[in-house]
Amino acid sequence: MDKTWNNKAWFMVLPVLLLVAFSAVIPLMTVVNYSVQDTFGNNQFFWAGTEWYQEMLHSERFHTALLRNLLFSFTILAIEVPLGILIALNMPRKGWGVPVCLVLMALPLLIPWNVVGTIWQVFGRVDIGLLGRTLSQLGIHYNYVQNPLHAWITVIVMDVWHWTSLVVLLCYAGLVSIPDAFYQAAKIDGASRWAIFRYIQLPKMNRVLLIAVLLRFMDSFMIYTEPFVVTGGGPGNSTTFLSIDLVKMAVGQFDLGPAAAMSIIYFLIILALSWVFYTVMTSYDAER
Amino acid sequence: MLELRNVSKVVGGKTHLSDISLKLEHGTLNVLLGPTLSGKTSLMRIMAGLDVPTSGSLWFDGKDRTGVPVQKRSVAMVYQQFINYPAFTVYENIASPMRVAGIDSATIDREVRKTAELLKLTPYLDRMPLNLSGGQQQRTALARAIVKNARLVLLDEPLANLDYKLREELRAELPKLFAASGAIFVYATTEPLEALLLGGNTAALSEGRVTQFGRTIDVFRQPADLITAQTFADPPLNTIAVEKKDGAFHLEGDINFAVPADWRGIQDGAYVMGFQPHHLSFERSGKDAFAIRAKIIATEITGSESYIHLAFANVRWSMLARGVHELNAGEIVDLALDPRNLMIFDAGGNSVIRRQKLAA
Amino acid sequence: MARIELDHIRHAYGPNPKSDADYALKEVHHTWEDGGAYALLGPSGCGKTTLLNIISGLIHPSHGQILFNGQDVTDLSTQERNIAQVFQFPVIYDTMTVYDNLAFPLRNRGVAEADVDRKVRETLEMIDLADWVNKKARGLTADQKQKISLGRGLVRSDVNAILFDEPLTVIDPHMKWILRSQLKELHRRFGFTMVYVTHDQTEALTFAQKVVVMYEGEIVQIGTPSELFERPKHTFVGYFIGSPGMNVVPVEIEGKQARFGGQTVDLPGAPDMPAAKGRMELGIRPEYVRLGREGMPVSIAKVEDIGRHKIVRTQLEGQEIAVILAEDEDVPADPHIVFDTKGINVYADSWRVAWGG
């Protein structure tokens, strides 16, 4: 809907535009610049064309990191979304329990990423960590430093612990907006618990769920800090996600060209997937 | 004076308003009457400056104000929902527009108390709006609109969420409250009776068009076209196809009557005849009244009046009769209709020579 | 369908109610006939919704019992009571088609699909939505959605009562007419027990055979529309029903006459005066006041022309008296009013006094 015009609005937006230019647009341009050149140090650059892109697209290393990343994203979505809905459904709707639950739910979201990583890194250690020691005393040979599966489980559990709250809060917001009359009507119609969920609660949560999925997908696809702190991408390369790999390549091996090409491809993948989500959401809205 | 010149509003290919021209004078109450989605709210948003028309312009006191945002206009608005600041007391709610305007607190205090007295809110000044009844909440919102002393006051179905009797009381107070201020009042409603009770002028809206604008009672008595007549009828207008031939109107059921003087000059052919439900009667009222035999479908008694649903030929009519008439469904009754009360519309739905005003 | 007995029902929302004032619903003790159409009418906060919720089972009354066909259902849940309810805002299952919406209550109860189909098609015919079978319910207009809510109650053959909680709030005036007459038609044809809550007198009076007028947690009168109009038991009923409401004038009673100011009005009989003579009032509806050249002289304060008639606000001895004038009648130059004897009621402490000898 078009609103009344007010030219002053541009002045208000200007600082943000400048900020975005310096923090996003210019660095992005630099990266594009790197991705089409080669360097042997000494600040000497040579034109490389699409060479790095071709190399990256055919690189085994990139493929496995990408697959790993997709697997990770879909795993955490498959856990966090149903779990979040389940918790939201069981949260109280009235009384003193509401603020208590909301604060509890918000807590993990308030902790900085690297702190989350550190917490779990310590928590899972076999020698001093509460979780690690308990498990090993129960006879389970849990060791995320050496066992890739254990490392994966640890990273996933950590992400679930950290982010399920977001899904819960979004779903809860959708649920409390349903008027009481709907539940009363459903009771009168003799609807089962499942039918109430399927025909009343789920349709009303649809939109927030799409937002939750979009946010969680983008975020998990870009995950870096927590696994880096806990596993450092190991053991081996088992938890080396795209972002970790990228940093290894750029900072560790100083392969600026390939790293730049990779980050551009990485960026385009996220953009494309987000666009798909966005289209799905808007077409859903249009249908309503 | 607020003037709209050929205002249209198209959103996403859908026409919300189409070619509306209106002139509203200071110190008048103007009702926008139409069903849901007829464009009342869209029109108000444009008047307020919340929206820009797709084409056309908006003039206030001779100056083009199209595109001037709402903050820069002197506008107050009251909505169907009771909108107050929940964290402020009633006093602070009423004071808020004056605080924004930077008026000194002595004046504010005086104005707030005066307006609260007017709206019977004095005992509740220290209360929070959410602890009040719906009527009191809406009074608070109205008080805020009054102290703002705006040149244009827009009321969007302000009484729709209130109890019937409360609505009656506030409706009687509203014109008095605003009469003194000299502002332009625009009041949107879906209810014809509300428009009649408020008086003033009425713009009848249908599908984004203003079908007629004039004194409320004139629009009611002499609608320009069928759509206006239907918009302005509650219970719904009765209609039937008629044919004018050899100096008489013929309608189904072998009924015909001499063409009343008003329509003698019109061409022979097919027309639509309309009349208000209260113009059907059990007794022959005027000397020209003609008889109609209809079947009772249902009767509803309101105490002083009876609403009677009828079947005549292949149309359904309703009748509003004074007194209690207990009639059984299926019964056949003889009714009378005075041709003075008819409205005749041509094939395009336009009124053919507007009905003469009844002896006033 | 069922007969509903309300046996000494009282309800308080807070714990440990002590005085009458703590009760949202003071004693209600009535029997509502099987197949009757009842309306609960009153301003907000009068207890009408509380009473409806007690019938539907959403609220357990603090005292008393509720019986359907003689069977105590006080402790039964909403589902077990087998009632249908239409709410203020349409409740429909957005993602389902119109057909599935109606089939929903039957399928939940495990009814065979062939019977479901038969009942749903019958009901769609009844509520005039047969052409909409496969449409998604969310694209419908408000009145169609309300019909679906109603239809979900009508499909079940075992329903005890259909409850309506201000069902026409979101409906345009023209549609209100049509929906109301369809509802009446359904009631006439199928004889459902219906209870209809509203604050709108027109809706209540036109819908119901018996209107239950409530005020401050009490039932002040139950009667047919014409009883409520002609013989309001309480001045509140006189005020609440009719627009404008009944004119009420403080008077002194002497035998078959009422006096106020310098005026004397003849009464249809001598009121059967209560032992302790309280505050006396005379009530007369605007419809029974005749404006002409004879009678008590009045001044005209305001004339409201509302199309089908005029409301004339007159002043008599410092009292406002509203008069209704037909569309084609005019206010005379030297206005006087006369009270039509058959429209006069006398009230002692707001309650109507019967006529004695």
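Proteins come first, then strands; the chains are lettered A, B, ... in the order of their sequence lines, and each starts at number 1. The basis for the numbers below is simple: all heavy atoms, side chains too, and nothing from hydrogens, waters or symmetry mates.
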Taking the side chain as every heavy atom from C-beta outward, state whether A:Asp189 and C:Gln85 have any pair of such atoms under 4.5 Å apart. no
Sequence neighbours left out, what passes ring-ring contact (aromatic ring centres under 6.0 Å, His included) with A:Tyr199? Give chain and number order. C:Phe104
If the condition is ring-ring contact (aromatic ring centres under 6.0 Å, His included), which residues does A:His150 pass it with, not counting sequence neighbours? A:Tyr142
Measuring heavy-atom distances to chain A, does C:Ile92 have an atom under 4.5 Å in its side chain, in its backbone, in both, or in neither? backbone
Considering heavy atoms only, which positions within residues 40-63 of chain C lie below 4.5 Å of chain A? C:Leu58
To the nearest 0.5 Å, tell me how far C:Asn108 CG sits from A:Ile188 CD1. 12.5 Å
Which heavy-atom pair separates A:Phe182 from C:Pro90 by the least distance, and what is that distance? CZ-O, 4.2 Å
Using only non-hydrogen atoms and a strict under-4.5 angstrom cutoff, which residues of residues 72-81 of chain C touch chain A? C:Thr78, C:Gln79
Kindly give the heavy-atom pair with the smallest separation between A:Ala185 and C:Arg152, and that separation in Å. CB-NH2, 4.0 Å
Begin from the C-alpha positions of C:Asp94 and A:Lys204 and carry the test side chain to side chain contact (heavy atoms under 4.5 Å, CB included) through to its verdict. CA-CA 9 Å; C:Asp94 277 350; A:Lys204 296 278 169 189; 3.9 Å; yes
